[in-house]
Amino acid sequence: MSYVNSKTNPLIFDIIIFIVRLFVGFAMLSHGYPKLQTLIDGGDIKFYDFLGLGPKISLGLTVFAEFICSIFLILGLFTRVAAGFLIFTMAIAAFFVHGADGFDKREMSLLYLSIYLIIIAFGAGKISVDYMIEKRKRANDW
């Protein structure tokens, strides 16, 4: 039985990782944008203080991960670093914010976390700004 994989057709890998980056990036933006609005509004902020820095700073760090790093993920820019921040944020959400809750409350953050682990392991692929930068660096090394 013959099947297509990333070794027989590397373009498939690049297209799939691109689609996953786009989907998960835009999906996480839908979580980060309301938090950004809360931060900008400047009212009374009630947010989980995971580092003991206060709810406003904790919310700011979460907005950085969920909003800014999601944009980096969509672009494929600083992809592994952005995924690292998102992994940290989803781990906090799954194991601390919802740690005492049932699986149904932790499921979404665990799904995001697993996708970010895949992205950190495999990188952004060739359809990314990271790849264009690396390609330019290699061309200049000659």
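Residue numbers start at 1 and run along the sequence shown. For clarity, every value in this text was computed on a predicted model and none was experimentally measured.
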Would you mind reporting whether [Y] and [X] have side-chain heavy atoms less than 4.5 Å apart?
X      : Y      : result
Thr79  : Ile119 : yes
Met28  : Phe67  : no
Phe72  : Val129 : no
Leu113 : Thr89  : no
Leu86  : Leu73  : yes
Tyr112 : Leu117 : no
Lys56  : Leu39  : yes

Report task. Return the set of residues passing side-chain contact (heavy atoms from CB on, under 4.5 Å) with Lys126 (not counting sequence neighbours), or none when no residue passes. Result ->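 Once residues adjacent in sequence are excluded, the partners of Lys126 under the side-chain contact (heavy atoms from CB on, under 4.5 Å) criterion are Asp14, Tyr131.
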Query raised in the report: Between Arg21 and Gly125, is there a donor-acceptor pair closer than 3.5 Å when you use the side chain of the first and the backbone of the second?
Result: no
Please name the pair of heavy atoms, one in [X] and one in [Y], separated by the smallest distance, quoted to 0.1 Å.
X      : Y      : answer
Asp130 : Ala124 : OD2-CB, 4.1 Å
Arg106 : Asp101 : NE-O, 3.8 Å
Ile57  : Leu53  : CD1-O, 3.5 Å
Met90  : Glu66  : CE-OE2, 3.7 Å

Query raised in the report: CZ of Phe23: more than 12 outside heavy atoms within 6.0 angstrom?
Result: no
Quick one: do [X] and [Y] end up in the same hydrophobic cluster if we chain Ile, Leu, Val, Met, Phe, Trp and Tyr together by side-chain heavy atoms under 4.5 Å apart?
X      : Y      : answer
Leu29  : Leu77  : yes
Ile115 : Phe103 : no
Val63  : Ile92  : no
Phe88  : Phe47  : no
Ile87  : Leu111 : no

Requested in this report: Among Tyr116, Phe78, Phe85, find the one that has a side chain to side chain contact (heavy atoms under 4.5 Å, CB included) with Cys69.
Outcome: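 It is Phe85; the other options fail the test.
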